[in-house]
2 protein chains.
Amino acid sequence: MTTPPVGRRERKKAATRQAIADAALRLFLERGYDQVSIREIADAADVSTTTVFKHFSGKEALVFDQDQERESELVAAVRGRAAGQSVLDALRQHVLDTWLPIAAHPQRAGFVDLVESTPALRAYSERMWTGYTDALAAAIADEARADQDDLACAALARFVLEIPTLAQGREDRRAAVETIFDLLTHGWEPPGDRS
Amino acid sequence: MTTPPVGRRERKKAATRQAIADAALRLFLERGYDQVSIREIADAADVSTTTVFKHFSGKEALVFDQDQERESELVAAVRGRAAGQSVLDALRQHVLDTWLPIAAHPQRAGFVDLVESTPALRAYSERMWTGYTDALAAAIADEARADQDDLACAALARFVLEIPTLAQGREDRRAAVETIFDLLTHGWEPPGDRS
DNA sequence: ATTGAAAAGTTGACTCGTTGCACTTTTTAA
DNA sequence: TTAAAAAGTGCAACGAGTCAACTTTTCAAT
């Protein structure tokens, strides 16, 4: 039988994967995403280009390594919310508590800059987020006792996942998140006059 | 001065552009997007591959030829709405009147199938729509007498542009559009119990 | 009409992401 | 011990897209 914790094989596999991801991120941060070729990354990690693609589905995936957890956290925030808290408020709190700190973390500033300044990575990142739509929609529908494919729940999920994109570049990101959640909670109405 | 209607030069340019687009669409419909190479399209239109890229920014752009008008129509729907009609209602009407018929038109069925069944085209199409966000947001903000970069207006614009994607694959598309506009108008609330 | 500049098109070679194929190594099971 | 399955690797190739040099066409100003 296979040893439950790890086999030597899978340890080596994980090590190679990590070496590739590390080399890629380092080179990207040094010289920019478009200025680094897969072949250079492969050389830096001392593997062949084929091996890179055995571990990662494409060049963009090298940057977003273990972002599968986000989906789970999102679903968990809805399912495990405090008693009496509405689904929308749970999502609002999760976004405020989880996404804002990450974006503000100085360690990740270079990483965030890299993604923001590279169109291909921006696009990939957005597709990643929208990829969570179905899972989040299912969780919302479940908690709201609606049909599994309820359209309003699916739309809400999609809209919540657009929030990071929309809040980007705003001076006060916390206020931006609040504004959008207010819109989703109460509906849109023409704001007060500016004159 | 240049002849206002057309010069021979620009007519020829437009003709080759059209020849390329026609050849591309025909081949895509016949054999599928991924099974047709740029060189084949160039050959079919009797030009070189570089000429193809002189006219179109990329392979996906061959499919979405003159979809710049959509943006103008969208903005016009908001700006030229009937007196007393709210911005949101104007958008609702525009979506119902303009987008649903196009999708239902039997002539375009093959085209719609092509886009829906090709991941690269789906992604490109969505990025096209979201590209209209800024223009629509500006029009909404203007009509609502809000600041030009008002976040709620930007969010509303983005959400409206997501509607085609969300309504896709639903049996009753009209009802789907109405449901999402109701969500945007009044806010989300847990739907009635299904039991 | 002539001519000269600008635009359109062509060619061919090149880069880069990505994949298919063949080969080697490791692991597993008999 | 050994055969076969699985995993990893490298090479060569394909398609998208770019670049630079060159030819042709068009336009406009003499």
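Hydrogens, waters and symmetry mates are skipped; everything else that's a heavy atom, side chains included, is used. Reminder, nothing fancy here: chain letters follow the sequence lines and each chain counts from 1.
For the OP1/OP2 pair of C/dG9 and a distance below 4.0 Å, the side-chain nitrogens and oxygens of B/T51 include no atom meeting the criterion. Taking 4.0 angstrom as the limit, A/S48 places none of its side-chain polar atoms (N or O) nearer than this to OP1 or OP2 of D/dT9.
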Between the protein and nucleotides 13-17 of chain C, which nitrogen or oxygen pairs are less than 3.5 angstrom apart?
unit_1	atom_1	unit_2	atom_2	d
C/dG17	OP1	A/K59	NZ	2.5
C/dG17	OP2	A/I38	N	2.8
C/dG17	N7	A/R39	NH1	3.2
C/dG17	O6	A/R39	NH2	3.3

Could you write out each protein N or O paired with an N or O of nucleotides 6-8 of chain C at a distance under 3.5 Å?
unit_1	atom_1	unit_2	atom_2	d
C/dA6	N3	B/R9	NH2	3.2
C/dA7	O4'	B/R9	NH2	2.7
C/dA7	N3	B/R9	NH2	3.4
C/dA8	OP1	B/K13	NZ	3.0

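Residues satisfying the side chain to side chain donor-acceptor pair (under 3.5 Å) test with B/E60, not counting sequence neighbours, are none. With sequence neighbours left out, the ring-ring contact (aromatic ring centres under 6.0 Å, His included) criterion links A/F64 to A/Y124.
Atom CD1 of A/I20 and atom P of C/dT18 are 14 Å apart (whole Å). Rounded to an integer number of Å, the gap from CG of B/L62 to C1' of D/dA16 is 12 Å. Spacing between atom CZ of B/R11 and atom P of C/dG9 amounts to 14 Å, rounded to whole angstrom units. Taking atom CD on B/Q35 and atom C1' on C/dT19, their separation rounds to 15 Å, with Å as the unit. In this structure, B/R31 places its CZ atom 11 Å from P of D/dG15, rounding to the nearest Å. In this structure, B/I41 places its CD1 atom 10 Å from P of D/dG17, rounding to the nearest Å. In this structure, A/K54 places its NZ atom 11 Å from P of C/dT19, rounding to the nearest Å.
When all heavy atoms are compared, the tightest approach of B/T133 to B/A154 is CG2-O, 4.0 Å. Nearest heavy atom pair, residue B/L183 against residue A/A152, reads CD2-O, 4.1 Å. In this structure, B/T130 and B/R127 approach most closely via the heavy-atom pair OG1-O, 3.0 Å.
For the side-chain hydrogen bond (donor to acceptor under 3.5 Å, both in side chains) condition, the pairs that include at least one residue of residues 166-186 of chain B, sequence neighbours left out, are B/R92-B/E178, B/R92-B/D182, B/E116-B/Q168. Applying the side-chain hydrogen bond (donor to acceptor under 3.5 Å, both in side chains) rule to pairs touching residues 17-30 of chain B yields B/R17-B/D65, B/Q18-B/D22, B/R26-B/E30, sequence neighbours excluded.
Salt bridge absent: A/D89 and A/R81 never bring a charged side-chain N and a carboxylate O closer than 4.0 Å.
Using bins of under 30°, 30° to 60° and over 60° for the plane-to-plane angle, the ring pair A/W99/A/H94 lands in the perpendicular bin.
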